[in-house]
Amino acid sequence: MMEILRRLLQPRLLPPTKDGYQAPVGALADGWTCDDPSCGGGEFFDPAKAAIPRRCASCGSGTYPVPAWPWWHGARRAELDALSDQAGQEGDEVLGTLVDFHLLTWTFENHLMLGHRRDALVSLQETDVRLRTAMREDRFFTEGSYRLELVRGALRSGDPDTALRVIEPWVALAREEGAGYGTDLKSDNAARTNYRCLVAACLAWTEDARTSNHGRRTTLVTWTLDTAGAHHVRDWLTGPQDAALDALEPGRRGRR
Ligand SMILES: [Zn+2]
């Protein structure tokens, strides 16, 4: 019965995405977006319980599917390629730089999804060098979002050990107050973003089901609490991060 219901709700072949990615037969969508770029309509949902509507709920225009992971990975590549073309045509160097870094994180995850861990580690090394260079050369550049994406990509691929290869030097970089990790988070937007992303990455690792009995879990929890509890950082985390940290170490805030 569920299977019949699912087939009725979910077409066997999703329509192409906004950027022309065609998911294979049987792929699921876990969301949709409006095809009118000025509308911004869209929704995420459990693909077992909902299906993409033909018409946007806000404006009645058509819709594009958002494929669920792992097909999302292919859709993401099509999106990045389209943005790269746009940056080239418009001569937009800022967009071009952003897309180049997103492509690096995409490539790293792609190697992991194919089971090519060595290639992933080579890609990680190159990405790390380029991020450090960008941070030194431009104090407004925020590397944290890319490093967080590397961690999420490794966890999505079921590889918490490779995620640690991203987190460990990152924690050291922050501890040593390297480029992009200043101490005045109130006025330094880049440092604020970078620290928040680092804490988010540590929390994502500790919250992953595969790490509950991991040999380095205690180390990672210590890194998380030390980073989040640093004098210049602790007042600048988000509400959900504070709640997650309290769950990791009950009574944390009372001990300040
Ligand atoms: Zn709409």
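Ligands are counted one by one from 1 in listed order, and the atoms in each one are counted from 1 as well. If you read the sequence from its start, that first residue is 1, and numbering goes on from there.
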Counting only protein N, O or S atoms (no waters) closer than 2.8 Å to the Zn ion (ligand 1) gives 4
Under a 3.5 Å threshold, yes or no: a donor from one side chain and an acceptor from the other, between Trp72 and Tyr21? no
Could you check whether any side-chain N or O of Thr211 sits under 3.5 Å from a backbone N or O of His214, counting only pairs where one atom can act as donor and the other as acceptor? no
Does Arg147 reach the side chain of Leu173, with side-chain heavy atoms less than 4.5 Å apart? yes
Is there a donor-acceptor pair under 3.5 Å between the side chain of Arg196 and the backbone N or O of Trp236? yes
Determine whether a donor-acceptor pair (N or O, by modelled atom type, separation under 3.5 Å) exists between the side chain of Asn194 and the backbone of Ala190. yes
Candidate list Asp19, Leu103, Val99, test side chain to side chain contact (heavy atoms under 4.5 Å, CB included), partner Asp81, passing option: Leu103
